[in-house]
Every structure is written in C-alpha cells, then in structure tokens.
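Heads up: the structure comes next, in structure tokens.
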Amino acid sequence: MNFDYLSAFVVGLLGAGHCLGMCGGITGMLTNAIGENARVQRLKLVFSYHIGRLFSYTLIGAIVGFSSSLAVKGTGFNGLYLHILSAIFLILLGFYIAQWWQVIGKVELIGKKLWQYISPLAKHFIPVNSPTQALGLGALWGWLPCGLVYSMLTWALASGSATKGALTLLFFGLGTLPALLSMSYGVHYVQSLMRNQILRKCTGLLMIVYGIYTLLIASNKLIN
C-alpha cells in the first residue's frame, strides 16, 4: 500500500474525536431517520449512508487531484509547493484536533455557502426506507463543511492525479468509519475513548510531528 494512503487512513482514524464532535449529531439524526426497521435492514441502511459518504469523498478527491494535475502540466508549476501546503495544513490540523489553536476551523466557512444549497436536498431522501435513499443521503453528508476533510483535500491537491486524489480521500474516509459506526450503534466505550482529552492531544501532537517531517522533506527537495 502507498504510504500516503496509509497515512490518510491513520489521519481519519486519529481524527475520530473530531468526527464525533462534527458528525455525531448528524449520525444520530440519520440513524433515527431509519425508523424501526429490522436489524438486517437497519445494518444495510447504515452502511449505505457510509458508502454514499465515501463516494462523495472519493469524487471530491478525484476532482481536486485532476484539477491540480491540469494546473501543474499547463503552467509548469512546481508540485512541491503543493506538498508544502499539505504539510502546513496537517500541522494546523494537529493544533485543531488537540484544541490548541482553532484557526483551521475558519476554513470550514469556505464550504458553508455551498452547503446551504446542498443540505435542502436531504428532504428528498427522508424518511429513509431503502438503501438507495440511504446512499443518496450519505452522498450529501459527504459534502458537509469539515476542516478535517479540507485538510485531506490539500493532500489530494498535492497528489497531482485524479486517481491518487480519489484514493487518498477514500482511505481517509475508511479511517473515519470506526468512530462513526460506533455512534450509529451506540458503542459508548469507543465514543468516550475517542473524546478523551489526553488522546486528542496526543493525536494532535502526532499530526504536528508528521506534518513537520513532511514539510522538511518537501522543502529539502525544493532547495536541492
């Protein structure tokens, strides 16, 4: 497995505390929208939500990766600058998750205007009675403004490829599954663990260290 994809998965996994805070209420709302379905049907619908969400992440990653590839090829722009940008965002994300500095939360404001147009579409899928409806609602969920997702999109931007950008966001999305599935099924131990302040700060510190490491590598390549 490409190390960048593994890193994206780990970022999704480590960012679980943020996911619960950002998407926990939405997860609960979506689960309640299912109603009193049989256990097997409920399982299908919950997983359909997440498949739809992962599809949107993958699509957005592909679009961003493809756009950066066109920019690099068309203008001769040095892609290492994009790697530096992604490293900076990862460092800021670490501060954000550790709750030391919330500046990256302001990035979410960028997507809120777009979300105002997307969110009303949810009414066409509620109440959720079929996997198709759940897929549609999950796909809308994937466009929710999120600093964690936007940070990963800088990785897709740095990849310079539609395929690599798509896979980066896909692996990130897979990393978020354990936390969000625990919310759907009320696994309170996992939720309390993910929200633990010590864990959040250790997670943030790890991201900062990895971001600095990535920044140094990209900077050295640029200089040399």
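In this text the structure is predicted, and so the values were computed from the model without any measurement.
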With ILVMFWY side chains joined below 4.5 Å, transitively, what does Y117's cluster contain besides itself?
none
Is there a chain of hydrophobic side chains (I, L, V, M, F, W, Y, each step under 4.5 Å between heavy atoms) that links I223 to L85?
no
Would you please test L177 and R53 for side chain to side chain contact (heavy atoms under 4.5 Å, CB included) and show each step?
CA-CA 10 Å; L177 281 178; R53 180 173 64 91; 3.5 Å; yes
Under the side-chain contact (heavy atoms from CB on, under 4.5 Å) rule, collect the residues that match up with I60, sequence neighbours excluded.
V64, W143, L153
Can a donor-acceptor pair be found, under 3.5 Å and without considering hydrogens, that links the side chain of S86 to the backbone of W155?
no
Rounded to the nearest 0.5 Å, what separation is found between the CH2 atom of W100 and the CZ atom of R200?
11.5 Å
Between W141 and Y49, what is the ring plane arrangement, given parallel below 30°, perpendicular above 60°, and tilted in between?
perpendicular
For F66, which residues count as a side-chain contact (heavy atoms from CB on, under 4.5 Å) partner, sequence neighbours excluded?
S69, L70, A162
Partner of I104 under side chain to side chain contact (heavy atoms under 4.5 Å, CB included), picked from L148, I91, L92, is L92
Closest heavy-atom pair and its distance - K201, A98:
NZ-O, 3.4 Å
To check you understand the geometry: which heavy-atom pair defines the closest contact between G165 and S159, and what is its length?
N-OG, 3.4 Å
Exceeds 12 heavy-atom contacts within 6.0 angstrom, atom CH2 of W101:
no
Enter the distance from L93:CG to T154:OG1 here, rounded to the nearest 0.5 Å.
9.0 Å
T168 and Y5 side chains, donor-acceptor separation under 3.5 Å
no
Between F172 and V149, does a side chain to side chain contact (heavy atoms under 4.5 Å, CB included) hold up when you go through it step by step?
CA-CA 8 Å; F172 160 74; V149 173; 3.8 Å; yes
Do you know which two heavy atoms are closest between Y150 and G111, and how far apart they sit?
OH-CA, 3.2 Å
Considering only heavy atoms from C-beta outward, does the side chain of V11 approach that of L90 to under 4.5 Å?
yes
Measure the shortest side-chain to side-chain distance between Y96 and V103 over non-hydrogen atoms and say whether it is less than 4.5 angstrom.
no
By ring pair (Phe, Tyr, Trp, His ring centres under 6.0 Å), Y81 pairs with (sequence neighbours left out) F77
From I217 CD1 over to I212 CD1, what is the distance, rounded to the nearest 0.5 angstrom?
12.5 Å
Which heavy atom of L13 sits nearest to which heavy atom of P178, and what is that distance?
CD1-CG, 3.8 Å
Of all residues at least two apart in sequence or in a different chain, which pass the side-chain contact (heavy atoms from CB on, under 4.5 Å) check with A87?
T214, L215
Listed partners of T203 passing side-chain contact (heavy atoms from CB on, under 4.5 Å), at least two apart
L14, I97, L199, M207
For W115 and L140 the tightest heavy-atom approach is CZ3-O, 3.2 Å
Taking L121 as the starting point, is it possible to reach I51 by hopping between hydrophobic residues whose side chains are less than 4.5 Å apart?
no
Would a hydrophobic clustering, with Ile, Leu, Val, Met, Phe, Trp and Tyr connected at side-chain separations under 4.5 Å, put L169 with L167?
yes
To the closest 0.5 Å, what do you measure between OG (S151) and CD1 (I88)?
12.0 Å
For S56 and G142, indicate whether the former's side chain and the latter's backbone hold a donor-acceptor pair under 3.5 Å.
no
Do F47 and L135 sit in one hydrophobic cluster, given that two such residues count as connected whenever their side-chain heavy atoms are within less than 4.5 Å of each other, even indirectly?
no
Closest non-hydrogen atoms of L82 and L157, given as atom of the first, atom of the second and distance, are CD1-O, 3.4 Å
Rounded to the nearest 0.5 Å, how far does CE of M152 lie from OG1 of T176?
11.0 Å
